[in-house]
There are 2 protein chains.
Amino acid sequence: MEKYLKVLRNCSLFRNIEESHLTKMLTCLGAKVESFDKKYTIIAEGNPAKYIGIMLSGSAQIIRMDYFGNRNIVSGIEVSETFCEAFACAEVKAVPVTIVATEPCEIMLIDCSHILHTCSNNCGFHQQLIFNLMKDLATKNIMFHQKIEITSKRSTREKLLSYLTFQAKKAGSNVFDIPFDRQELADYLEVDRSGLSAEISKLRAEGIIECRKNRFEILY
Amino acid sequence: MEKYLKVLRNCSLFRNIEESHLTKMLTCLGAKVESFDKKYTIIAEGNPAKYIGIMLSGSAQIIRMDYFGNRNIVSGIEVSETFCEAFACAEVKAVPVTIVATEPCEIMLIDCSHILHTCSNNCGFHQQLIFNLMKDLATKNIMFHQKIEITSKRSTREKLLSYLTFQAKKAGSNVFDIPFDRQELADYLEVDRSGLSAEISKLRAEGIIECRKNRFEILY
DNA sequence: CTCCGTTTGTTGAAAATTCAACAGACTTAT
DNA sequence: ATAAGTCTGTTGAATTTTCAACAAACGGAG
């Protein structure tokens with residue numbers, strides 16, 4: 001576990017928990033680590049929602065397929081971020097989404113019931129973990145509000161500009177990389193890929209944005 | 001406060017808290033009650049995100065206006081439900097949505113910092129409240145997943161059927177009332193009102209649904 | 001370096017959504 | 001009961017998105 005400590009220190013779930021206690025605590029929680037190759041399914045829709053996931057290395061996406069094969073990308077998952085905690089905490093029977101690796105990755109899985117219910121060892125970390133979970137869930141909630149703000153726009157152009165503005169703000173710069181290729185961005189914005197490409201071209205021609213691959217710049 | 005106890009008992013925030021303790025606790029938390037007439041703004045976008053709201057009577061909606069006056073309805077708020085807890089818990093500076101009364105209503109406001117940080121009286125309820133908040137935020141998270149599942153559909157027909165199916169499941173019956181008029185439903189589904197009306201008519205003509213005002217039936 | 005598979009941009013046609021306008025049904029207030 | 005105002009369904013035209021197909025650009029493997 002030692003080699004993951006640097007990542008775990010940045011994980012919202014372990015905020016205000018001393019690094020020296022972390023290893024012991026992970027043992028107590030029964031944390032386990034698994035590896036996946038690119039494109040592999042980490043958690044499949046319908047799986048029991050027992051585990052909180054933490055991305056240790058690599059990246060993944062939260063996706064949902066509808067019955068006609070249309071992919072919707074709910075969100076990307078980067079190193080040190082958590083996933084599936086809402087399903088585990090709300091104690092739903094099955095996960096309604098699929099988690100797919102976009103790079104080779106390692107993830108940590110923690111059985112949520114070990115966090116929610118005091119363990120026999122009485123480690124005393126539970127209160128802090130529950131507080132951290134609460135904060136994390138609140139932050140995820142706000143992320144959904146932002147996603148809805150973006151995707152509730154009625155046109156491809158507005159969705160795209162809205163998304164790029166958010167990314168620029170997040171990066172603190174008018175030049176920034178996005179974690180999606182064109183098809184993925186279309187599936188995130190809930191629009192047609194070719195229409196999205198056309199819209200990007202139009203915005204370039206109008207001098208509003210510039211882009212090369214995944215690097216965008218907002219010119220205004 | 002006594003007259004609100006029946007409502008508060010059903011509020012997820014106070015689960016597993018003895019009713020006999022509730023009144024004292026509300027005093028300790030500095031809970032206050034406010035009333036609003038239909039159509040009034042309960043919390044305006046940009047307000048500081050200090051308070052957790054609880055709907056005591058009546059109903060409201062969480063809405064967001066974009067810069068061209070398009071209304072997006074994020075969610076309805078019914079009696080005993082909480083609202084704005086995510087913004088308060090995540091300690092963002094300003095609320096990014098507007099809460100508008102859809103009926104005359106009474107709401108309870110609790111300063112979130114009183115829940116998050118132990119008070120001088122050491123009431124001891126904080127741990128349970130934080131646990132309840134965590135559960136509540138997880139549930140809200142799942143609600144967002146459902147809303148995204150609905151609105152990520154590409155056509156008006158699919159959004160509508162997806163929404164109605166969810167409502168039927170929630171009501172546990174193929175006949176159910178929805179909390180929106182046509183314009184509100186359109187703003188919730190992120191589609192055009194006249195297109196929505198046309199789609200409802202088509203589904204009736206095809207014998208797939210039946211409806212009279214806000215009461216729908218799925219025939220299948 | 002070349003080949004092969006994937007990603008991206010472009011196009012035009014088909015389909016769907018949006019928009020504006022209106023008439024009838026329904027509600028509310030007087 | 002009447003009148004004024006709101007909500008709903010319908011229409012057709014304008015706009016936008018989707019879809020399918022293809023070629024150019026790109027990237028990785030051998």
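Proteins come first, then strands; the chains are lettered A, B, ... in the order of their sequence lines, and each starts at number 1. Everything numeric here is computed off the predicted structure, so don't read it as measured data.
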Note to self: Expressed as a whole number of angstroms, how long is the span from B:E103:CD to C:dT27:C1'?
What the structure shows: 16 Å

Notebook entry, point to check: Would you say the base of C:dG9 and the side-chain of A:R193 have a donor-acceptor pair closer than 3.5 Å?
Noted result: yes

Margin query: Tell me the interatomic distance from A:K39, atom NZ, to D:dG28, atom P, rounded to whole angstroms.
Written below: 13 Å

Item checked: Distance in angstrom units between B:L196 CG and D:dC7 C1', rounded -> 13 Å

Margin query: Tell me whether the rings of B:F144 and A:H145 are parallel (<30°), tilted (30 to 60°) or perpendicular (>60°).
Written below: perpendicular

Margin query: Side chains of B:M25 and B:L129, heavy atoms from C-beta outward: is any pair under 4.5 Å?
Written below: yes

Next item on the list: Locate the shortest heavy-atom distance separating B:C89 from A:A138; write the atom from each residue and the value.
Entry: CB-CB, 3.7 Å

Next item on the list: Compute the angle between the rotation axes at the two ends of the helix from C:dC1-D:dG30 to C:dT30-D:dA1, each taken over five pairs, rounded to 10 degrees.
Entry: 50°

Check: When you measure from the side chain of A:V191, which nucleotide among C:dT18, C:dT8, D:dT18 comes out closest?
Finding: D:dT18

Margin query: salt bridge (charged side-chain N to carboxylate O under 4.0 Å, His left out) for B:E91 and A:K135? Distances and angles first, verdict last.
Written below: CA-CA 9 Å; B:E91 299 179 289; A:K135 285 275 188 182; 2.3 Å; yes

Checklist line | Comparing A:E190 and A:R212 on DNA chain D - which has the more 5′ nearest nucleotide | finding: A:E190

Margin query: The side chain of B:S197 is closest to which nucleotide in this list: D:dC19, C:dT8, D:dT10?
Written below: D:dT10

Next item on the list: Please report, rounded to the nearest Å, how far the P atom of D:dT16 is from the NZ atom of A:K202.
Entry: 7 Å

Margin query: From NZ of A:K213 over to P of C:dT7, roughly how many Å is that when rounded to an integer?
Written below: 11 Å

Margin query: Between C1' on D:dG28 and NZ on A:K38, what's the gap in Å once rounded to a whole number?
Written below: 11 Å

Checklist line | Between C1' of C:dG9 and CG of A:L203, the distance in whole Å | finding: 14 Å

Next item on the list: Assign each of B:G195 and A:F180 to its nearest nucleotide of DNA chain C by heavy atoms, then name whichever residue's nucleotide is nearer the 5' end.
Entry: A:F180

Check: Near DNA chain C, which residues from residues 149-159 of chain A have a heavy atom under 4.0 Å away?
Finding: A:R154

Notebook entry, point to check: Can you tell me if OH on B:Y40 sees more than 12 non-hydrogen neighbours from other groups inside 6.0 Å?
Noted result: no

Item checked: Nearest-Å distance for atom pair CD1/P, residues B:I200 and D:dG9 -> 6 Å

Check: A:R182 has a side chain; which of D:dA20, C:dT8, C:dC19 sits nearest to it?
Finding: C:dT8

Item checked: B:K169 charged N/C atom sitting above B:F176 aromatic ring, 6.0 Å / 45° -> no

Checklist line | Under-4.0 Å side-chain N/O to phosphate OP1/OP2 contact, B:S201 with D:dT10 | finding: yes

Margin query: Within the structure provided, determine whether B:D187 and B:I63 are in side-chain contact (heavy-atom separation under 4.5 Å).
Written below: no

Check: Where the side chain of B:S194 is defined as all heavy atoms beyond and including C-beta, which of C:dT10, C:dG9, C:dC19 is the nearest nucleotide?
Finding: C:dC19

Check: So what does A:D181 touch, heavy atoms closer than 4.0 Å: a base, only the sugar-phosphate, or nothing?
Finding: sugar-phosphate

Note to self: Taking the six-membered ring of B:Y188 as reference, does the cationic atom of B:K147 (NZ for Lys, CZ for Arg) lie under 6.0 Å from its centre and within 45° of its axis?
What the structure shows: yes

Name the atoms and distances for all side-chain donor-acceptor pairs under 3.5 Å in residues 41-51 of chain B, with sequence neighbours left out.
residue, atom, partner, partner atom, Å
B:Y51, OH, B:K32, NZ, 3.3

Notebook entry, point to check: For the residue pair B:G58 and B:E103, what are the closest heavy atoms and their distance?
Noted result: C-OE1, 3.6 Å

